[in-house]
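What follows is a short report on a single structure.
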There are 2 protein chains.
Amino acid sequence: MRQPGPSHGGRKVAAVADAIADDAPGTGLRTWTAVVAEVTRRIADGEWRLGGIIPSEAELAAEFGCSRNTVNRALRALADQGILERKRRAGTRVRHLPESRASIGIPVVRHLVERRGARYGHHVLEQRAQEPPDAVAASLGLAAGAEALHVTSLHLSDAAPFALEDRWVSLAAVPAAATTDFSAVSVNEWLVRNVPFSTGEIGLSAGAATAEEAARLGCAAGTPVFVEDRVTRLGDSAITVVRTVFAPGYRMRLTI
Amino acid sequence: MRQPGPSHGGRKVAAVADAIADDAPGTGLRTWTAVVAEVTRRIADGEWRLGGIIPSEAELAAEFGCSRNTVNRALRALADQGILERKRRAGTRVRHLPESRASIGIPVVRHLVERRGARYGHHVLEQRAQEPPDAVAASLGLAAGAEALHVTSLHLSDAAPFALEDRWVSLAAVPAAATTDFSAVSVNEWLVRNVPFSTGEIGLSAGAATAEEAARLGCAAGTPVFVEDRVTRLGDSAITVVRTVFAPGYRMRLTI
DNA sequence: GCGGCGAATATGTTTACACATAATGACGTT
DNA sequence: AACGTCATTATGTGTAAACATATTCGCCGC
């Protein structure tokens, strides 16, 4: 019916000021990225009200002169972004408060250090199986009296202390960890490499360095330090619980 | 050729233990979610090595007995998740270090408070146009001497101080902000409601409360506090710069 | 052996069509 | 008026086919 337009390659959603070839809509929005751009523009310009319903896929396809499939791809992308909200028979609405998402590449500490142009190093301070404190046992879902692998290590940035890591690994979930030596590869990286998929929770807070932490990190006791607590799960079973205390001055960067 | 299988509704990626009806593959992976599940399983079970290349879309489609389109949808979803890596002629690989993403619902402070079951309130401490410090002017991309709207406010959780916010809004980017009174609706919410799309950066750190912050937050000077710095942009122009200091004990929670 | 060029190939995208499914809303019954 | 039922409708998904595009690989000439 109409020769297929030029593909735009594997670009992701963004890129607003693009692809809207003509001023008049209806003359050529034949790629899904162009549809994304046009829909985005209409919302930004207030042509479509926040919270309001927008035309159906079929109507938009007719207006833009492309297939419903293409419109579907575009609207789905915007829905994934949290900009639109779609329900089956109810239609598509512009979300009131777009739920922004910040994404962190999960901090493999080595990368944090190397990204700053420093040389990474790490020492294992302690590595042995022992009975974890109650709070940790609860997080790992262990029975009372069960042991877990306890590894404490210090991450270095050009020989200066960078972060102090206190980790418990569930031997029930990851038996192989018991027989691994973590002085060459850090526990973090070993886990990331050997336990493919995981979910979990991260808690971030500010705390005062304890005397021991201060000694390890080379600062005064009581200095404000950035603390990250993380629980990692594979399916239902918790794999590891980590508490990382960063040396003073650390700043975590996220991108929305 | 083969009647279309039952659709599975708008479910998202996850859901591993699902839809794989039979043990023998090749007997019925006709939905993209089922393909996601099977591919996920093969990686988790080590059938496909980390870093290794996997069969092409066409081969998988043939094996699974579905169309290439369906396989494409599934692999694209996994690539979006960071589990696979795809390049045009090179094929699809299992990523070495799956770049996990933690997603934060952007903290509209009111929601943080209400999620804890407390009543939210806020006071505007100061609101006026003035010349921002150099660092802020640079972040906002303002010329030297240009003014911006400065709003400082205190967020309350059940009448207790929760967070102290120090915000600069670019009047060049958001002229309407100059004539708005933010005692009823917080600046944050007003912006979120009136400036639809935005990107930006967030910095998280631990700091010691200054004397003024301590007074406002009701704690001792020097107490470790959690600090969030955020820059929000619309396209190229920066809209607002915020520094939020949370009362001691605050813990930010993220989900991977 | 090296460099450039063209063929082969895997993914990216669009189309047209079909059917599935969830809400909605209209309608008729009680 | 309240309630249940059913047709309608918008989105969700799958299929087959075609073309677009980026790489890679092998071949050829030097």
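Quantities reported herein were computed from a predicted structural model and do not represent experimental measurements. Within every chain, numbering begins at 1; the chains are lettered A, B, ... in the order of the sequence lines, protein sequences first and strands thereafter.
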Worksheet item: Below 4.5 Å, heavy atoms only, C-beta onward: do E63(A) and E59(A) meet side chain to side chain?
Response: no
Worksheet item: Between N69(B) and I54(B), which is nearer to the 5' end of DNA chain C once each is assigned its nearest nucleotide?
Response: I54(B)
Practice prompt. Grab the CZ-P distance between R76(B) and dA10(C) for me, whole Å please.
Written response: 19 Å
Practice prompt. Specify the separation, in whole Å, of atom CD1 of I53(B) and atom P of dT23(D).
Written response: 14 Å
Worksheet entry | Gap between atoms CD and C1', on E85(B) and dG12(C) respectively (whole Å) | 16 Å
Item to complete: To the nearest Å, give me how far apart NZ (K87(A)) and P (dG25(C)) are.
Response: 11 Å
Worksheet item: When the nearest nucleotide of DNA chain C is assigned to R73(A) and to A90(A) on a heavy-atom basis, which residue is associated with the more 5' position?
Response: R73(A)
Worksheet item: Step by step, would you call E165(B) with V242(B) a side chain to side chain contact (heavy atoms under 4.5 Å, CB included)?
Response: CA-CA 7 Å; E165(B) 177 182 311; V242(B) 205; 3.5 Å; yes
Item to complete: Using the six-membered ring wherever Trp is involved, compare the ring planes of F162(A) and Y250(A) and label them parallel, tilted or perpendicular (cut-offs 30° and 60°).
Response: perpendicular
Practice prompt. Rounded off to whole Å, could you give me the CZ-to-P distance for the R30(B) and dC19(C) pair?
Written response: 15 Å
Worksheet item: Are T92(B) and dA10(C) close enough that a side-chain N or O sits under 4.0 Å from OP1 or OP2?
Response: no
Discussion item. Among T70(B), L75(B), V71(B), which residue satisfies the side chain to side chain contact (heavy atoms under 4.5 Å, CB included) criterion with W32(B)?
Written reply: T70(B)
Worksheet item: Do you know which two heavy atoms are closest between S139(A) and R233(A), and how far apart they sit?
Response: O-NH1, 4.0 Å
Worksheet item: For the pair made of CG in N72(B) and C1' in dT15(C), what is the distance, rounded to whole Å?
Response: 15 Å
Worksheet item: Got a donor-acceptor pair under 3.5 Å from the side chain of R68(B) to the base of dG12(C)?
Response: yes
Discussion item. Tell me the interatomic distance from L78(B), atom CG, to dT11(C), atom P, rounded to whole angstroms.
Written reply: 13 Å
Discussion item. Can you measure L84(B) atom CG to dA10(C) atom C1' for me and round it to whole angstrom units?
Written reply: 14 Å
Discussion item. Looking only at the side chain of R88(B) (C-beta and beyond, no hydrogens), which of the listed nucleotides dA22(D), dT15(D), dT14(C) gets closest?
Written reply: dA22(D)
Worksheet item: Given that R86(A) and R89(A) both sit by DNA chain D, which one's nearest nucleotide is further toward the 5' end?
Response: R89(A)
Worksheet item: Quick one: is T70(B) getting a side-chain N or O under 4.0 Å of the dT15(D) phosphate, OP1 or OP2?
Response: yes
